[in-house]
Amino acid sequence: MKSTTEYLTFNIPARMDFLNITPDIEQIVRSSGVQEGLCLVNAMHITASVFINDDEPGLHHDYKKWLEDLAPFDASPQRYHHNRTGEDNADAHMKRQVMGREVVVAITAGKLDFGPWEQIFYGEFDGRRAKRVLVKVIGE
């Protein structure tokens with residue numbers, strides 16, 4: 001069995017944004033030489049996410065609005081107890097919890113085995129600093 005581990009680093013200039021990382025992941029899978037297996041893509045920060053969905057700008061706009069409605073940014077310690085620790089990112093932790101930490105995609109015939117329109121995204125909820133994503137490819 002083969003195994004490859006790589007780390008991607010992203011520094012998103014906005015507090016919240018989504019980045020299509022599918023081409024990066026496809027390149028890692030190609031380089032791994034794995035023909036049949038699995039690819040794990042994992043956000044390594046508790047205020048960031050990795051998820052699969054459609055690469056459609058209207059959907060991304062709707063996600064941002066929905067997430068902001070669920071957990072609005074508010075740096076004050078009155079709304080969120082977490083912000084009483086001196087942090088200002090309690091909302092980012094909650095947004096990450098909703099969007100998820102990781103995805104696992106099957107590799108078939110050396111390629112990510114997606115359904116129609118599926119793409120892999122990095123979701124940032126407390127941006128403006130470098131954060132890592134783990135990519136682990138295993139298989140034959």
Report task. Would you confirm whether Ser32, through its side chain, and Val29, through its main-chain N or O, come within 3.5 Å as a donor-acceptor pair? Result -> yes

Query raised in the report: For Lys136, what residues pass the salt bridge (Lys or Arg N to Asp or Glu O under 4.0 Å) criterion, not counting sequence neighbours?
Result: none

Query raised in the report: Does the side chain of Arg129 come under 3.5 Å of the side chain of Asn11 through a donor N or O and an acceptor N or O?
Result: no

Query raised in the report: Are Ile107 and Asp113 close enough, and set up right, to give a side-chain contact (heavy atoms from CB on, under 4.5 Å), and what steps lead you there?
Result: CA-CA 6 Å; Ile107 300 168; Asp113 203 346; over 6 Å; no

Query raised in the report: If we only count heavy atoms from C-beta on, is the Arg96 to Thr47 side-chain gap below 4.5 Å?
Result: no

Query raised in the report: Would a 4.5 Å heavy-atom cut-off, applied to side chains only, mark Ile138 and Val34 as touching?
Result: no

Identify the heavy atoms of [X] and [Y] that sit nearest to each other, and give their distance.
X	Y	answer
Ala71	Met94	CB-CB, 3.9 Å
Pro72	Asp91	O-CB, 3.5 Å
Asn89	Arg15	CA-NH2, 3.6 Å
Val50	Ala43	CG2-N, 3.6 Å

Report task. Using the side-chain hydrogen bond (donor to acceptor under 3.5 Å, both in side chains) rule, take Gln119 and Asn20 through it: C-alpha gap first, then chi angles, then the decisive distance, then the call. Result -> CA-CA 7 Å; Gln119 299 283 293; Asn20 186 335; 3.1 Å; yes

Query raised in the report: Does anything in residues 95-140 pair up under ring-ring contact (aromatic ring centres under 6.0 Å, His included), and if so which pairs, sequence neighbours excluded?
Result: Phe10-Tyr122, Phe51-Phe121, His60-Phe121

Query - For Asp74, side chain to side chain donor-acceptor pair (under 3.5 Å) partners two or more places apart - result: Ser76, Arg79

Requested in this report: Evaluate the side-chain contact (heavy atoms from CB on, under 4.5 Å) criterion for residues Asp88 and Tyr80: first the C-alpha distance (whole Å), next the side-chain angles of each, then the deciding distance (0.1 Å), finally the verdict.
Outcome: CA-CA 9 Å; Asp88 69 352; Tyr80 301 114; over 6 Å; no

